[in-house]
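Structure record follows, encoded as structure tokens.
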2 protein chains.
Amino acid sequence: MPKVTEEHRKGRRREILGAALRCFARKGFHATSMSDIIAESGLSAGAIYGHYASKDDLIRGVAADVFSPVLSELRSAPALPEQPVHPVDFATRLLEGLVAAVGNTAILVQVWGEAAVDASVRELFDTVYAQVLELNRQHVSNWLSATARMPVEAIEEQSLQLARLLTGLAQGGIVQTAFVDGFDVRGYLQAARPLFD
Amino acid sequence: MPKVTEEHRKGRRREILGAALRCFARKGFHATSMSDIIAESGLSAGAIYGHYASKDDLIRGVAADVFSPVLSELRSAPALPEQPVHPVDFATRLLEGLVAAVGNTAILVQVWGEAAVDASVRELFDTVYAQVLELNRQHVSNWLSATARMPVEAIEEQSLQLARLLTGLAQGGIVQTAFVDGFDVRGYLQAARPLFD
DNA sequence: GTCTATATCCAGATAGAC
DNA sequence: GTCTATCTGGATATAGAC
């Protein structure tokens with residue numbers, strides 16, 4: 001199989017996934033029909049089913065697609081002990097990057113809802129959550145190590161607690177970005193700065 | 001119309017709503033069929049449709065039902081300037097009360113997802129959000145007024161920012177309660193205490 | 001108000017030509 | 001790979017007896 005074909009295939013899949021995402025974002029998973037997605041994509045039923053086996057398959061694809069920007073952000077944000085970044089700045093970068101990448105935060109909230117009932121979406125959530133929490137923990141730990149005079153065990157414990165807080169703050173930021181017009185993520189997070197100083 | 005009848009009617013509606021809620025919590029809105037709800041309720045199709053006009057009607061009913069504990073909590077938690085409560089303690093009470101009342105936080109996340117695409121559920125969300133934010137703001141403001149030496153305008157501004165933070169923290173707490181086994185809401189929020197001291 | 005039985009429709013999914 | 005045309009099942013919702 002020639003190279004072009006393979007790339008075309010991937011492109012088609014992205015096209016279809018994009019159409020599905022727009023429909024889901026607009027009407028939600030249960031109110032969106034395959035016909036909606038077919039119409040939105042400008043393709044035909046056959047074309048869709050040639051790439052995705054079912055509606056559930058599309059939902060999972062979209063869910064994965066929505067989570068992937070988070071993971072990319074994470075990968076581009078290693079926690080370096082040598083150059084500690086203020087945890088709030090880190091979280092701001094992560095959250096702003098995510099919002100920019102996903103564009104539509106409403107779909108993110110919907111995917112959370114799906115994660116609550118679908119095992120495979122749940123797995124995606126768990127993976128991302130674990131990584132976010134761990135990276136937050138590392139950043140907090142690095143920061144406290146560099147700036148606070150505390151015994152190592154205290155830092156360990158504090159870091160985990162503060163990482164959970166930071167993670168929750170980010171999640172709440174996503175909810176408010178989705179539902180509050182003109183919500184200012186940056187200002188929102190800045191208010192948490194004193195926690196780490 | 002005699003009194004008993006009216007009460008019976010209400011009871012039946014609650015029964016049906018309870019069955020619907022259990023189904024939705026288990027399988028989600030789109031994977032739950034009316035047959036599922038009918039079976040879960042132990043009643044018949046006719047009985048259900050005698051009380052709720054459609055599946056969407058049930059979804060909205062469940063959404064309202066899920067939000068109502070939040071509102072009850074709010075009503076039972078007035079913000080008194082004379083006896084300021086530490087904002088974290090207030091938020092803890094609110095969140096623990098909510099978690100206890102709803103029982104199933106997974107359904108809450110799903111309702112958020114629905115709010116992202118259904119106007120009438122969205123309205124419910126907006127109402128609750130506005131009230132939570134305002135009550136948080138009042139509590140923070142009272143607390144800062146009593147404990148911090150700041151000019152009034154600074155308190156006003158700080159209060160709103162911190163209220164948004166507290167609200168986001170609560171939302172993140174709901175997400176983590178829904179998805180993290182054995183998540184300790186109380187400990188989670190306590191870590192935010194320094195923000196107000 | 002509730003039941004059983006059933007109508008109706010449209011969803012998701014496929015077949016086969018090109 | 002994609003299209004058109006179509007199947008099939010199950011979903012929502014109703015009718016009419018009790």
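Residue numbers start from 1 in every chain, and the chains themselves are labelled A, B, ... in the order their sequence lines are given, proteins ahead of strands. Quantities reported herein were computed from a predicted structural model and do not represent experimental measurements.
The side chain of A:R12 contributes no N or O atom lying less than 4.0 Å from OP1 or OP2 of D:dG1. Residue B:H51 has a polar side-chain atom (N or O) positioned under 4.0 Å from OP1 or OP2 of C:dT2.
Within the nucleic acid shown, A:S33 comes within 4.0 Å of sugar-phosphate atoms alone, with no base atom in reach, counting heavy atoms only.
Comparing atom distances between the A:R9 side chain and each of C:dG1, D:dT4, D:dG1 picks out D:dG1 as nearest.
Rounded to whole angstrom, the span from the NE2 atom of B:H30 across to the C1' atom of D:dA11 amounts to 14 Å. In this entry the distance linking CD1 of B:I38 with C1' of C:dA5 reads 13 Å, nearest Å. Between A:Y52 atom OH and D:dG1 atom C1' there is a gap of 15 Å when expressed in whole angstrom units. As a whole-Å value, the separation of A:I48 CD1 from D:dT4 P is 13 Å. In this structure, CD of B:E15 is placed 12 Å from C1' of C:dT2, rounded to the nearest angstrom. One can place CG of B:L58 at 9 Å from P of D:dA13, the figure rounded to the nearest angstrom. Computed from coordinates, the A:I59 CD1 to C:dA11 P distance equals 15 Å when rounded to whole Å. If you measure from atom CZ of B:F29 to atom P of C:dA11, you get 20 Å, rounded to the nearest angstrom.
Taking B:F67 as the reference, nothing meets the ring pair (Phe, Tyr, Trp, His ring centres under 6.0 Å) condition, with sequence neighbours excluded.
Within 6.0 Å of CD in B:Q131 there are more than 12 heavy atoms belonging to other residues, nucleotides or ligands.
Using a 4.0 Å cut-off between charged nitrogen and carboxylate oxygen, A:K10 and A:E7 do not count as a salt-bridge pair. Taking the charged nitrogens against the carboxylate oxygens, B:D118 and B:R60 do have a contact shorter than 4.0 Å, which makes a salt bridge.
Under the 30°/60° scheme for interplanar angles, the aromatic rings of A:H30 and B:H30 are found to lie parallel. Using cut-offs of 30° and 60° on the angle between ring planes, the pair A:W112 and A:F125 is perpendicular.
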If you restrict it to nitrogen or oxygen atoms, what contacts under 3.5 Å exist between nucleotides 13-17 of chain C and the protein, and what is each distance?
residue	atom	partner	partner atom	Å
C:dA13	OP2	A:Y49	OH	3.4
C:dA13	OP2	A:K55	N	3.0

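Aromatic pair A:Y188/A:F183: ring centres closer than 6.0 Å.
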